[in-house]
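In each ligand, atom 1 is the first atom listed, and ligand 1 is the first ligand listed. One is the number of the first residue; the rest follow in order along the sequence.
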Amino acid sequence: MQEQLKKLEQEATEKVTNVEDLKALQDIQVAYLGRKGSITEVLRGMGKLSKEERPVIGELANTVRTTIQAAIDEKKQLLERAELEKQLENETIDVTLPGRSVNFGGKHILTSIIEEIEDLFIGLGYEVREGPEVETDYYNFEALNLPKGHPARDMQDSFYITNELLLRTHTSPVQARTMSALDGAEPIRMICPGKVYRRDSDDATHSHQFTQIEGLYVDKNVRMSDLKGTLDLLAKHMFGTDRDIRLRPSFFPFTEPSVEMDISCKVCAGEGCSVCKRTGWIEILGAGMVHPKVLEMAGYDPKEYTGFAFGMGPDRIAMLKYGIDDIRRFYTNDTRFLKQFHEA
Ligand code: FA5
């Protein structure tokens, strides 16, 4: 039995030395020291031994057990450390790898253009106002000298919600709203940026939803030359002095006389291209002296007060300023396009 125990000790410690993973080590522990393990099996035969032999074999069995357990414990520590090192090695962070970039948002180009125009007019003493995008027929048309059935309503194809409500086709209703609110009591200098909607077919320079900025100046002795000077300043501020502008006589029922302002096309340098419809010019705004009837309807005495108004398209201004070939780029949200205009 002594020999058997010695043999088991040798066999077990050898196996422990050669084992390479924790699971196999656990199996060795069970196979030799477990309740049904080899050492336990040997000790079961102790009953057959003489009184003298029993303590000797008992002591030896304990020593063998302790030796095997010590070998297993030592190996366990070694294997656990090796496993940890392997894990750490696999999880190493390569600090030289490029970091994950964060996508920063930025102002939409139209917002920047609107703010640039607002800054200019605030500097000239104008205040910035707002009006509703769902507008009444009265403010969108009637208060602007466009009664129901007036043929000039066809100039602005509209999205009606009910007979009396529509998506505003221009920012001019804010003129009428501002004047009516003040009811002839004081002079006005205001601009109003906002979204407008028309049943226009989309093409390079037309969108069914676009932006406008309205301007209104009402006071005593406001003249056409004031309007011209203001528009000239606007053009120089937005485009510099090297771009040509022209004013053409036009017609709007709410202004008399009326003009339209064109800027020379930047895409083709005035040569003619698809953006300017081969004319070398792009229309950016309509303007004129406020019609006496409009002043009167809003409570201003046209004998005492005169005024000018303008409505411009910031979309077209952005196109002309940056040589953008299609208005639809502002609304299709291709971030590669929009990012070009983000401030660094
Ligand atoms: C008007 O909307 C008038 N309310 C402007 C006005 C205001 C005249 C005050 C007199 C006094 P018009 O329809 O021309 O006018 O539009 C004005 C500007 O909006 C145009 O010059 C153009 O720059 C822009 N615009 C018009 N239609 C579109 C469209 N479908 N897509 C993009 N921009 C447009």
Side-chain angles (χ1 to χ4, degrees), residues 110 113-114 117 129 131 135 139-141 143-146 152-159 166-179 188 190-218 222 224 226-228 230-231 234-235 238-239 245-263 265 275-277 279 281-295 298 306-321 324 326-331:
L110 290 176
I113 290 280
I114 289 170
I117 296 168
R129 292 204 170 228
E135 188 52 281
Y139 279 117
N140 196 78
F141 290 128
L144 295 168
N145 201 23
L146 277 148
R153 284 193 179 207
D154 291 349
M155 287 162 75
Q156 301 181 0
D157 264 351
S158 322
F159 291 110
L166 71 158
L167 294 178
R168 67 177 175 194
T169 54
H170 51 175
T171 42
S172 298
V174 186
Q175 277 185 47
R177 283 181 175 276
T178 310
M179 286 190 277
I188 301 168
M190 74 90 186
I191 58 163
C192 165
K195 290 196 183 88
V196 300
Y197 305 84
R198 285 188 200 175
R199 285 182 52 188
D200 278 347
S201 306
D202 291 1
D203 64 21
T205 51
H206 291 82
S207 172
H208 58 281
Q209 180 238 288
F210 56 103
T211 49
Q212 277 194 344
I213 301 181
E214 194 75 11
L216 175 69
Y217 179 22
V218 178
V222 178
M224 184 78 183
D226 297 318
L227 171 62
K228 244 185 115 178
T230 307
L231 295 183
L234 167 74
M238 295 309 290
F239 302 105
I245 64 163
R246 72 176 184 189
L247 291 179
R248 282 180 289 109
S250 187
F251 169 76
F252 297 103
F254 33 95
T255 48
E256 181 58 38
S258 305
V259 291
E260 276 178 324
M261 184 163 95
D262 300 337
I263 305 277
C265 180
V275 176
C276 60
K277 304 216 163 62
T279 63
W281 298 93
I282 295 186
E283 171 210 321
I284 61 156
L285 61 82
M289 299 306 290
V290 181
H291 197 289
K293 261 185 105 174
V294 173
L295 286 169
T306 49
F308 67 68
F310 53 82
M312 64 183 111
D315 307 55
R316 302 249 180 105
I317 293 176
M319 289 175 77
L320 281 163
K321 195 169 159 87
I324 296 162
D326 199 313
I327 196 168
R328 288 164 288 201
R329 296 198 192 282
F330 297 130
Y331 302 106

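- Residue S258 places no heavy atom under 4.0 Å from ligand 1.
- Of the heavy atoms in F254, only side-chain atoms (C-beta onward) come closer than 4.0 Å to ligand 1.
- For the pair L285 and ligand 1, the shortest N or O to N or O distance falls below 3.5 Å.
- Ligand 1 does not have M261 within reach: every non-hydrogen atom of the residue lies 4.0 Å or more from it.
- The backbone of I284, and not its side chain, has at least one atom closer than 4.0 Å to an atom of ligand 1 (non-hydrogen atoms only; backbone = N, CA, C, O).
- For F141 against Q156, the heavy-atom pair with the smallest separation is CE2-OE1, 4.1 Å.
- Between T255 and ligand 1, a contact under 3.5 Å exists for no N or O pair.
- Inter-residue side-chain proximity for R316 and F210 is flagged as unmet; no heavy-atom pair is nearer than 4.5 Å.
- Nearest residue to atom 13 (O) of ligand 1 from H291, R198, M155 is R198 (criterion: closest heavy atom).
- Across N145 and P253, no two heavy atoms sit closer than the pair ND2-O, 2.9 Å.
- Ligand-side atoms of ligand 1 in range of A309: 9 (C), 11 (C), range being under 4.0 angstrom from any heavy atom.
- When F252, F210, F308, Y197 are ranked by how near their heavy atoms come to atom 34 (C) of ligand 1, first place goes to F210.
- Counting heavy atoms closer than 4.0 Å to ligand 1, residue H208 contributes nothing at all.
- For the pair D262 and E283, the minimum side-chain heavy-atom distance is below 4.5 Å.
- On a distance-only criterion, H170 and ligand 1 share at least one N/O pair closer than 3.5 Å.
- Using cut-offs of 30° and 60° on the angle between ring planes, the pair F159 and H208 is perpendicular.
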**Message:** Quick one, L234 with M312, criterion side-chain contact (heavy atoms from CB on, under 4.5 Å). Give me CA distance, side-chain angles, the key distance, then yes/no.
**Reply:** CA-CA 11 Å; L234 167 74; M312 64 183 111; 3.8 Å; yes
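- Counting non-hydrogen atoms of other residues, nucleotides and ligands closer than 6.0 Å to NZ of K195 gives a total of 12 or fewer.
- When all heavy atoms of M224 and P257 are compared, the pair lying nearest together is SD-CG, 4.0 Å.
- Ligand 1 has a nitrogen or oxygen under 3.5 angstrom from a nitrogen or oxygen of Q212.
- Numbered from 1 in the order shown, with element, the atoms of ligand 1 that lie under 4.0 Å from a heavy atom of T205 read 31 (N), 32 (C).
- Considering both main-chain and side-chain atoms, H206 never comes within under 3.5 Å of ligand 1 through any nitrogen or oxygen pair.
- By the criterion of a heavy-atom distance under 4.0 Å, neither the backbone nor the side chain of T169 is placed next to ligand 1.
- Contacts between E283 and ligand 1 below 4.0 angstrom, taking non-hydrogen atoms only, involve backbone and side chain alike.
- In terms of polar-atom proximity, D315 is not counted as a contact of ligand 1, lacking any N or O under 3.5 Å from an N or O of the ligand.
- Distances below 4.0 Å separate heavy atoms of Q175 from the following atoms of ligand 1: 9 (C).
- Remark: ligand 1 atoms within the under-4.0 Å shell around heavy atoms of E260 are 14 (O).
- With a 4.0 Å cut-off on non-hydrogen atoms, S172 touches ligand 1 through its side chain and not its backbone.
- Taking the six-membered ring wherever Trp is involved, the centroid distance between the rings of H170 and F252 does not fall below 6.0 Å.
- Side-chain atoms of V174 and R168, non-hydrogen and from C-beta on, do get closer than 4.5 Å to each other.
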